2 protein chains.
Amino acid sequence: MAARKPRTSVRGRVTIEEVAAAAGASTISVSRAFRGSARLSPDLRARIENAAAALGYVPDRAASALASARSMNVAVLVPSITNMVFVDMLAGIDAVLSQARYQIIMATTNYCPAEEQRQLHGLLAFRPDGVLLTGIDHLPGTLNLLKAPALPVVHMMELNHQVGSYSVGFSQDEGGAAIARHFVGRGYGRIGFVAAQLDPRTLARGAGFRRALKEAGLDAPYELMVPDRSSIALGATLLDRVLTECPDIEAVFFCNDDLAHGALFRCQRLGIAVPQRLAIAGFNDLPASSWTVPALSTVATPRHEIGRKSAAMLLDLMCGRTPEAARLDLGFTLHARESS
Amino acid sequence: MAARKPRTSVRGRVTIEEVAAAAGASTISVSRAFRGSARLSPDLRARIENAAAALGYVPDRAASALASARSMNVAVLVPSITNMVFVDMLAGIDAVLSQARYQIIMATTNYCPAEEQRQLHGLLAFRPDGVLLTGIDHLPGTLNLLKAPALPVVHMMELNHQVGSYSVGFSQDEGGAAIARHFVGRGYGRIGFVAAQLDPRTLARGAGFRRALKEAGLDAPYELMVPDRSSIALGATLLDRVLTECPDIEAVFFCNDDLAHGALFRCQRLGIAVPQRLAIAGFNDLPASSWTVPALSTVATPRHEIGRKSAAMLLDLMCGRTPEAARLDLGFTLHARESS
DNA sequence: GGCCTAATTGTTAGCGCTAACATATTTTGC
DNA sequence: GCAAAATATGTTAGCGCTAACAATTAGGCC
């Protein structure tokens, strides 16, 4: 017995056992005190907290996870953190999960489904209690990984219409359509769509844009789509190509604000009047968009709220509660500004 | 004995034991196979890998960490991830650490030393093998937390001259001085310094800026410093205040590019000619800075490289190797563009 | 008081994995 | 051909914590 009860841990860390000894309590009571459990007299709790503070005790999540089958980790997969959109979403997620004592374990997929599966596999080693995925398009293998441990999953940014799946987002397709209708309302004739980083959400925006133009009886738009990662520099480059390939263009929908900013700056540089000579619209409403001159027309997306609500929904699922709705549409807001 | 060897794990997860049984090997061999250890015949290794793949085995980091006293986690603390600078740094860190099979456990401090300590305490529950901290100014309690477990630490972004500490960065002070000398070289007379989010790095830039102006025999600059978080919107607001409070100002150094962009946009809006009427400079060289019209003069910081080198240095320390240098100065580059 | 219920605290047995120490098995040197 | 060294594989005992149960104490009521 003595061998099983070292008063000083082997590895030089303060363990629950030392705290228990110092507080004159049992290990399980220390464990309970740290998990905020009820069923502990104020006196014992105080003694334990004092002892823990004095010894500098830090709980060990690994041991806790192993013993309890709950890791209090949540795996989050986002395409990129260089994209402000996902950073805002992450902030929303963290706000809700850290409140509930969960820790985010995050990885980036680089917009690649295969990389998503690889990264998820890696994150599963943390035995997360739930998973947040960006988007609704995943490899079969990715979803398979989640089946065996029956992990709760919430899909973010898009709306998943598959039964049994949970999602929080808005209709990317409708967002694209909103820009199209705005262009139509302003009377633009020759219209273009420029996209990069052709992820499912970008493509959905393009589809909605096209559909709405068609519904309004207009010609199919001029389209320029490249697989490269979106950036301001790429937006500038693509604007040049648009002007070369389609000189009579009147309005262009750039699939996101990064590209639109690049195009806007390029127009300034070239002395092209926006919106008189060329109207420009973006998507997402980044902070810069309302400050550029001219201010950028764009669709504001509720990404922070998407993060919050996704986390809340996952929290429900992880606690065995049934979320109010399996699909939460948070909508979007068209901001018609000076650039169109 | 039979009770200690369940062929199917209690929790429905595939365990190392089931893989071992399926491959006709011992558990330790499976463990060795997954840690890429040598001392395994190609035949056994193949059998284990096949069995693991067939069963869908995912290792359990919690159990591994508990058994081995190595978590393969690295705790990283950054002020914010809404700031591109730290995102770039994180990308550099991740590139190196994921290569070495380490996982980043990240938290944000919101530029607050007390929050840094709180978050570090939380991350220590992951028993990280090393820690990366942003900056060199920390609460005594923060450093104390790292003392007991004798955790390797590398400080990022600034250079720490304290003996026994490791840091990778550049001289923020010199960066500020570089802008000052640039302004002096261009012959500007009435000069200003505008700062927000007064973290130690911002203050160091200001100090260097001031020092260099003094060395050049100029008057002390007009200064406007506010504690708010930096943003484009704030940059625009502060520009208005600068013009009101100091109408004859000729050149302003904004402590970062976000503020400078806001100021630049505001000048465009107000019809203030940059740099003719007012010269503007920023700090960090964000992607937009070379595309704005006029292009923004700024100091490019090697933040991605700082991330890479910090991670590499920490890797050395975690493996018990001694890094080549305890302090790595990666410098910076002044980009004198159109705005000044 | 005596009996019951409820609240509080403790004991025991692992969670899944790996370090440290055996134990085969093969290779090498002479 | 045989001991010594090198290589390959296995056995055992926990890592620090918590679930499940057990035991103890306090409170309530007639």
Side-chain angles (χ1 to χ4, degrees), chain A residues 1-21 23-48 52 55 57-72 124-127 149, chain B residues 1-21 23-48 52 55 57-72 124-127 149:
Chain A
M1 270 305 125
R4 284 221 78 234
K5 297 226 169 197
R7 233 70 256 202
T8 290
S9 81
V10 175
R11 289 176 185 162
R13 295 169 182 165
V14 180
T15 70
I16 212 171
E17 204 160 330
E18 295 169 64
V19 177
S26 67
T27 58
I28 190 70
S29 293
V30 178
S31 172
R32 283 179 184 135
F34 268 82
R35 283 177 296 153
S37 143
R39 316 204 155 285
L40 259 193
S41 68
D43 168 60
L44 221 204
R45 182 181 297 270
R47 258 158 51 218
I48 289 171
L55 293 169
Y57 171 69
V58 178
D60 186 328
R61 292 178 79 102
S64 168
L66 192 56
S68 73
R70 299 198 70 190
S71 64
M72 297 304 281
L124 287 181
F126 284 90
R127 299 283 179 236
Chain B
M1 269 304 126
R4 284 221 80 234
K5 296 226 170 195
R7 232 70 256 198
T8 290
S9 80
V10 174
R11 291 178 185 162
R13 296 169 180 164
V14 180
T15 70
I16 212 171
E17 205 161 325
E18 293 169 65
V19 176
S26 66
T27 59
I28 190 70
S29 293
V30 178
S31 172
R32 282 178 184 135
F34 268 83
R35 281 176 297 151
S37 141
R39 316 201 156 286
L40 259 194
S41 67
D43 168 59
L44 221 205
R45 182 181 296 270
R47 259 160 49 220
I48 289 172
L55 292 170
Y57 171 69
V58 178
D60 186 328
R61 292 179 79 104
S64 169
L66 192 56
S68 73
R70 298 197 71 191
S71 64
M72 298 303 280
L124 287 181
F126 283 90
R127 299 283 179 235

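Chain A is the first sequence line, chain B the second, and so forth, proteins listed ahead of strands; every chain is numbered from 1. Model, not experiment: these values are computed from the prediction. Heavy-atom basis, side chains included; hydrogens, waters and symmetry copies ignored.
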Between atom [atom1] in [X] and atom [atom2] in [N], what is the gap in whole Å?
X	N	atom1	atom2	result
E18(B)	dC15(C)	CD	P	12 Å
D60(A)	dT18(D)	CG	P	9 Å
L124(B)	dG16(D)	CG	C1'	16 Å
R13(A)	dC15(D)	CZ	C1'	9 Å
L55(B)	dG16(C)	CG	C1'	15 Å
E17(A)	dC15(D)	CD	P	8 Å
Y57(A)	dG16(D)	OH	P	10 Å
F126(A)	dC17(C)	CZ	P	15 Å

Main-chain N/O of A23(A) paired to R47(A) side chain as donor or acceptor, under 3.5 Å: yes
Whether S68(B) side chain and S64(B) backbone form a donor-acceptor pair below 3.5 Å: yes
What is the minimum heavy-atom distance between [X] and [Y], and which atoms define it?
X	Y	value
L40(B)	R45(B)	CB-NH2, 3.7 Å
Y57(B)	T15(B)	CE1-C, 3.7 Å
D60(A)	R127(B)	OD2-NE, 3.3 Å
A33(A)	I48(A)	CB-CG2, 3.8 Å
S71(B)	A65(B)	CA-CB, 3.8 Å
A63(B)	L66(A)	CB-CD1, 3.7 Å

Identify each atom pair where a protein N or O and an N or O of nucleotides 19-21 of chain C are less than 3.5 Å apart, giving names and distance.
from: dA19(C); atom 1: OP2; to: R35(B); atom 2: NH1; distance (Å): 2.9

Residue closer to the 5' end of DNA chain D, P42(B) versus L66(B) (nearest nucleotide):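 Final value for this comparison: P42(B).
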Of R127(B) and D43(B), the one whose closest DNA chain D nucleotide lies more 5': D43(B)
Beyond-backbone contact of V58(A) with R13(A), side-chain heavy atoms, under 4.5 angstrom: no
Proximal nucleotide (of dG16(C), dT9(C), dT9(D)) relative to the L44(A) side chain: dT9(C)
Shortest side-chain distance from T27(A), nucleotide among dG16(C), dT18(D), dG10(C):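 In terms of side-chain proximity for T27(A), the closest of dG16(C), dT18(D), dG10(C) is dT18(D).
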S41(B) side, atom OG; D43(B) side, atom CG - distance, nearest 0.5 Å: 5.0 Å
Respond yes when some side-chain nitrogen or oxygen of [X] is under 4.0 Å from OP1 or OP2 of [N], and no when none is.
X	N	value
S26(B)	dT11(D)	no
S41(B)	dA8(D)	no
S29(A)	dT8(C)	no

Hey, what are the protein-to-nucleotides 23-25 of chain D N/O distances that come in under 3.5 Å?
none

